[in-house]
Amino acid sequence: MERKVITSHIFPPIPVRCFDWCAWFDDLGADCSPYGYGRTEEEAIEDLLENFGEED
């Protein structure tokens, strides 16, 4: 079964734009899930899947 990824445009008040988007796995919940970050929504999803996509 493919895991559902949730994203959010958080746009923190810092000058660095590398963390504007956040992604996490829906089945683990936002409080427990690992996160991926990126300049764009796609980068955040890619970061999450590259670093945590193989974990069960």
Side-chain angles (χ1 to χ4, degrees):
M1 182 171 89
E2 189 172 325
R3 298 173 95 174
K4 183 175 179 183
V5 174
I6 305 297
T7 60
S8 178
H9 188 218
I10 54 177
F11 197 69
I14 59 175
V16 178
R17 299 282 46 109
C18 297
F19 306 103
D20 284 359
W21 283 90
C22 179
W24 65 92
F25 295 115
D26 184 44
D27 62 327
L28 298 177
D31 294 335
C32 299
S33 184
Y35 293 94
Y37 293 95
R39 293 178 188 269
T40 64
E41 184 176 31
E42 293 79 21
E43 284 183 12
I45 294 169
E46 185 176 310
D47 181 52
L48 175 67
L49 295 177
E50 282 180 6
N51 291 305
F52 305 103
E54 297 299 318
E55 291 184 1
D56 289 329

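It should be emphasised that the depicted structure is a prediction, and the values quoted were computed from it without experimental measurement. For the numbers below, each heavy atom of this structure counts, side chains included, while hydrogens, waters and symmetry mates do not.
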Under 3.5 Å donor-acceptor, Asn51 side chain and Asp47 backbone: yes

Lys/Arg N to Asp/Glu carboxylate O, Arg3 vs Asp27, below 4.0 Å: yes

State, to 0.1 Å, how close Phe25 and Leu49 come at their nearest heavy-atom pair, and which atoms those are. CE2-CD2, 4.0 Å

Any side-chain heavy-atom pair from Arg39 and Phe19 closer than 4.5 angstrom? no

Taking every heavy atom of Ala44 against every heavy atom of Trp21, the minimum-distance pair comes out as CB-O, 3.7 Å

Check for me, please, whether Tyr37 and Val16 land in the same ILVMFWY cluster - side-chain distances under 4.5 Å, paths through other members count. yes

Looking only at non-hydrogen atoms, find the nearest pair between Ala23 and Val5 and report the distance. CB-CG1, 3.9 Å

Do Cys22 and Glu41 have side chains that get closer than 4.5 Å, going by heavy atoms? no

Can you name the residues that form a side chain to side chain contact (heavy atoms under 4.5 Å, CB included) with Glu46, not counting sequence neighbours? Glu50

How many angstroms lie between atom CG of Asp20 and atom CD of Glu43, to the nearest 0.5 angstrom? 10.0 Å

